[in-house]
*Asks:* 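Below you will find the structure I want to go over with you.
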Amino acid sequence: QVQLVESGGGSVQAGRSLRLSCAASTFSSSTNCMAWFRQAPGKEREGVAAIYRGGGSTYYDDSVKGRFTISQDNAKNTVYLQMNGLKPEDTAMYYCAADLWSPPVSLRLVVAGADFGYWGQGTQVTVSS
């Protein structure tokens, strides 16, 4: 069993930055693939970014490409989402997810299917104009 705990959310003005953290109770094959999703009120959940921890391959949704960066710190069992140039449309609850997906499965397909067995509780990000 894997527990995921997100932190780092908050309220910021447009153009500012935030760094979200996702601390996993363990890094194992069950957390080989980790991702960030978000859900705004009244909207469907959408995948934002994902990473294969072993090889470091990453995926970004077009809406955040060039602004967000997903990274990992294996010593801390933590995955980060650095969010720069935040926009009001980035306002949402952000969730961390993990599962044992591995290459050659496309990260784009993994995120599209949102088929992750472990989810965190979420951290709220609010961006004002």
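Owing to the predicted nature of the structure, the values given are computational and were not obtained by experimental measurement. Position 1 is the first residue of the sequence, and the numbers go up from there.
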*Asks:* So do T26 and V2 actually touch side chain to side chain, heavy atoms under 4.5 Å?
*Replies:*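 Yes. Closest side-chain heavy atoms under 4.5 Å.
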*Asks:* Show the nearest heavy-atom pair for residues A14 and P88, with the distance to one decimal.
*Replies:*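 Heavy-atom minimum between the residues: CB-CD, 4.1 Å.
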*Asks:* Do L18 and Y94 touch side chain to side chain, with heavy atoms closer than 4.5 Å?
*Replies:*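 Result no, sub-4.5 Å side-chain heavy-atom pair not found.
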*Asks:* What is the ring orientation for Y95 with W119, classed by angle as parallel under 30°, tilted 30 to 60°, or perpendicular over 60°?
*Replies:* perpendicular
*Asks:* Answer yes if V111 and W101 sit in the same cluster of Ile, Leu, Val, Met, Phe, Trp and Tyr residues linked by side chain heavy atoms under 4.5 Å apart, and no otherwise.
*Replies:* yes
*Asks:* Can you check whether S128's main-chain N or O pairs, donor with acceptor, with Q13's side chain at less than 3.5 Å?
*Replies:* no
*Asks:* Return the minimal non-hydrogen interatomic distance between N32 and S102, and the atom names on each side.
*Replies:* ND2-CB, 3.2 Å
*Asks:* To the nearest 0.5 Å, how far apart are CD in Q121 and SG in C96?
*Replies:* 12.0 Å
*Asks:* Can F116 be reached from L107 by stepping across I, L, V, M, F, W or Y side chains whose heavy atoms are under 4.5 Å apart?
*Replies:*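 Both belong to a single hydrophobic cluster.
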*Asks:* Roughly how far, to the nearest 0.5 Å, is CG of D61 from CZ of R108?
*Replies:*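 Reported value, rounded in 0.5 Å steps: 8.0 Å.
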*Asks:* Find the distance between OG1 (T123) and CE (M93) and round it off to the nearest 0.5 Å.
*Replies:*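 Reported value, rounded in 0.5 Å steps: 7.5 Å.
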*Asks:* About how many Å separate CG of N84 and CZ of R16, when rounded to the nearest 0.5 Å?
*Replies:*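 Here the interatomic distance stands at 11.5 Å.
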*Asks:* Is L20 close to V125 at the side-chain level, that is, under 4.5 Å between some pair of heavy atoms?
*Replies:* yes
*Asks:* Can you tell me if Q124 has over 12 outside heavy atoms packed within less than 6.0 Å of its CD?
*Replies:* yes
*Asks:* For residues 65-93, pull every pair meeting salt bridge (Lys or Arg N to Asp or Glu O under 4.0 Å), keeping only residues two or more places apart or in separate chains.
*Replies:*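 For residues 65-93: R38-D90, D62-K65, R67-D90.
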*Asks:* Check for me, please, whether L86 and L81 land in the same ILVMFWY cluster - side-chain distances under 4.5 Å, paths through other members count.
*Replies:*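 Yes, L86 connects to L81 through the hydrophobic network.
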*Asks:* A50 and A35: which non-hydrogen atoms are nearest, and at how many Å?
*Replies:*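 For A50 versus A35, the nearest heavy atoms are CB-CB, 3.8 Å.
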*Asks:* Hydrophobic clusters here meaning ILVMFWY residues chained together by side-chain heavy-atom distances under 4.5 Å, can you tell me if M34 and Y118 are in one?
*Replies:*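 Yes; tracing contacts between hydrophobic side chains, which count when under 4.5 Å, links both residues.
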*Asks:* Between OG1 of T69 and OH of Y60, what distance do you get to the nearest 0.5 Å?
*Replies:* 4.5 Å
*Asks:* Are V79 and Y59 in one and the same hydrophobic cluster, where Ile, Leu, Val, Met, Phe, Trp and Tyr link if side-chain heavy atoms are under 4.5 Å apart?
*Replies:*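 In one cluster with V79: Y59, no.
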*Asks:* Return the minimal non-hydrogen interatomic distance between A24 and L4, and the atom names on each side.
*Replies:*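 So the two residues come closest at CB-CD2, 3.7 Å.
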*Asks:* If you compare all heavy atoms of W36 against all heavy atoms of C22, which two are closest, and at what distance to 0.1 Å?
*Replies:* CZ2-CB, 3.6 Å
*Asks:* At their closest point, which heavy atom of N74 faces which heavy atom of F27, and how far apart are they?
*Replies:*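 That would be OD1-CE2, 3.3 Å.
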*Asks:* To the nearest 0.5 Å, tell me how far Q39 CD sits from E44 CD.
*Replies:*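 Rounded to the nearest 0.5 Å, the CD-CD separation comes out at 8.5 Å.
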